[in-house]
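All values below were derived from every heavy atom in this structure, side-chain atoms included, with hydrogens, water molecules and symmetry-related copies excluded.
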Amino acid sequence: MKNSEVSLQKPKVLHILRHAKSSWDNPALADIQRPLNTRGQKACKKLAEHLLKQGGLNTSNAVYCSPAERAQQTISGIIDALNLQTTWRTEPLLYTFNWQEIIQFCHGIDDEAGSVTIVGHNPALHEAVEFLAGVDIEKFPTCAYAKLSCNIARWQEMRSRCATLDAFLYPKRL
């Protein structure tokens with residue numbers, strides 16, 4: 001069997017990360033420019049400690065992030081706290097609040113990627129997790145993380161209830 005055939009047979013793992021708490025101190029900033037506030041920066045460090053236990057972020061993940069400043073600072077803060085030598089790709093399509101656009105983005109991921117992390121915004125991420133796992137989540141707060149094991153061989157196969165919610169963490173719960 002070729003390596004590409006083997007990787008296509010493994011189930012996909014989707015890691016969903018909502019940006020941490022952002023600052024509203026400067027009303028002149030556009031939404032996409034808002035940075036993290038102090039609470040958000042601390043939340044990244046707190047969540048990072050628990051992500052290692054969940055296998056939530058490692059160097060083998062393909063990481064895609066919204067271009068919003070708060071999302072970029074969230075993934076950067078977590079990667080720094082974990083001391084990982086990894087990079088992420090800024091993806092303009094992830095600056096969305098629509099869950100269907102998240103699913104559409106996932107459909108376009110290269111099937112060689114077995115584990116993918118998406119960093120973005122609510123309500124899109126909250127609703128995407130509920131759609132994929134067929135669960136009701138009361139809230140998906142800032143800096144929330146969900147790990148989904150997807151019963152699919154190709155990202156294009158993502159559909160309702162194709163995944164199991166393996167982990168759901170957020171700083172206030174840790």
Side-chain angles (χ1 to χ4, degrees), residues 3-4 6-8 10-23 29-97 99 101-122 124-125 128-129 132 140 142-150 152-156 158 163 166-171 174:
N3 279 344
S4 61
V6 171
S7 66
L8 291 178
K10 293 180 183 175
K12 305 296 185 188
V13 178
L14 182 62
H15 306 272
I16 300 284
L17 178 63
R18 181 179 176 199
H19 66 79
K21 189 75 175 165
S22 61
S23 173
L29 290 178
D31 181 69
I32 199 168
Q33 297 172 316
R34 286 189 296 112
L36 294 181
N37 66 16
T38 303
R39 180 176 140 200
Q41 293 167 2
K42 289 178 183 176
C44 291
K45 291 176 185 169
K46 188 172 188 176
L47 183 66
E49 296 170 16
H50 295 274
L51 284 180
L52 282 179
K53 297 173 190 170
Q54 298 294 327
L57 192 61
N58 57 58
T59 55
S60 66
N61 285 25
V63 181
Y64 300 98
C65 186
S66 160
E69 182 67 20
R70 60 195 181 274
Q72 300 277 317
Q73 288 180 348
T74 297
I75 192 61
S76 180
I78 288 173
I79 287 172
D80 289 351
L82 293 174
N83 200 25
L84 285 178
Q85 300 300 314
T86 193
T87 58
W88 70 90
R89 179 176 165 184
T90 299
E91 184 53 61
L93 296 173
L94 294 177
Y95 184 62
T96 183
F97 307 98
W99 68 272
E101 291 177 5
I102 298 293
I103 304 303
Q104 192 173 20
F105 174 80
C106 290
H107 285 165
I109 296 172
D110 186 326
D111 287 327
E112 289 295 318
S115 184
V116 170
T117 299
I118 291 178
V119 185
H121 311 274
N122 259 2
L125 297 180
V129 169
L132 293 169
F140 204 88
T142 53
C143 211
Y145 162 80
K147 179 180 180 182
L148 299 167
S149 292
C150 305
I152 56 174
R154 293 179 172 78
W155 291 106
Q156 197 170 36
M158 286 193 116
D166 292 337
F168 180 58
L169 307 172
Y170 53 93
L174 302 174

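- Contact detail for Thr142 and Ala20: the closest heavy-atom pair is CB-C, 3.8 Å.
- The nearest pair of heavy atoms linking Cys106 to Met158 is CB-SD, 3.2 Å.
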Side chain to side chain contact (heavy atoms under 4.5 Å, CB included) between Ile78 and Val119, intermediate numbers included: CA-CA 11 Å; Ile78 288 173; Val119 185; over 6 Å; no
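- Among residues two or more places apart in sequence or in another chain, the ring pair (Phe, Tyr, Trp, His ring centres under 6.0 Å) test is passed with Tyr95 by Phe97, His121.
- For Glu101, the side-chain hydrogen bond (donor to acceptor under 3.5 Å, both in side chains) partners at least two apart in sequence or on another chain are Thr96.
- For the pair Ser23 (side chain) and Pro35 (backbone), a donor-acceptor distance under 3.5 Å is absent.
- For residues 72-83, there are no salt bridge (charged side-chain N to carboxylate O under 4.0 Å, His left out) pairs, not counting sequence neighbours.
- For the atom pair Gln73 CD and His19 NE2, the distance stands at 11.5 Å (nearest 0.5 Å).
- Distance CG/Leu36 to SG/Cys143: 8.0 Å, rounded to 0.5 Å.
- Listed by chain and residue number, Leu132, Leu148, Cys150 satisfy the side chain to side chain contact (heavy atoms under 4.5 Å, CB included) test with Ala163 (two or more places apart in sequence, or in another chain).
- Looking at heavy atoms from C-beta onward, Thr87 lies out of side-chain contact with Val63 at the 4.5 angstrom threshold.
- Listed by first then second residue, pairs satisfying ring-ring contact (aromatic ring centres under 6.0 Å, His included) with a partner in residues 66-92 number zero, not counting sequence neighbours.
- Considering only residues two or more places apart in sequence or on other chains, Asn122 meets the side chain to side chain contact (heavy atoms under 4.5 Å, CB included) condition with Arg18, Leu125, His126, Phe140.
- Between Ile102 and Ala128, the closest heavy-atom pair is CG2-CB, 4.0 Å.
- A donor-acceptor pair under 3.5 Å is absent between the side-chain atoms of Trp155 and the main chain of Lys12, judged by distance alone.
- Here CG of Leu169 is found 5.5 Å from CG of Leu174. Values are rounded to the nearest 0.5 Å.
- Rounded to the nearest 0.5 angstrom, Ile118 CD1 and Phe105 CZ are separated by 5.5 Å.
- For Glu49, the side chain to side chain contact (heavy atoms under 4.5 Å, CB included) criterion is met by no residue, not counting sequence neighbours.
- Taking the salt bridge (charged side-chain N to carboxylate O under 4.0 Å, His left out) definition, one finds that Glu69 meets it with nothing, sequence neighbours left out.
- Closest approach of Ala146 to Phe168, counting heavy atoms only: CB-CD1, 4.3 Å.
- When the salt bridge (charged side-chain N to carboxylate O under 4.0 Å, His left out) test is applied to Asp31, the partners found at least two apart in sequence or on another chain are Arg34, Arg70.
- Residues satisfying the side-chain hydrogen bond (donor to acceptor under 3.5 Å, both in side chains) test with Ser76, not counting sequence neighbours, are none.
- Identified under the salt bridge (charged side-chain N to carboxylate O under 4.0 Å, His left out) test for residues 82-97, with sequence neighbours left out: Arg89-Glu91.
- Closest approach of Ile75 to Cys65, counting heavy atoms only: CG2-SG, 3.9 Å.
- Closest non-hydrogen pair, Cys44 versus Gly77, comes out as CB-C, 4.3 Å.
- Residues passing the side chain to side chain contact (heavy atoms under 4.5 Å, CB included) test with Val13 are His15, Ser115, Lys147, sequence neighbours excluded.
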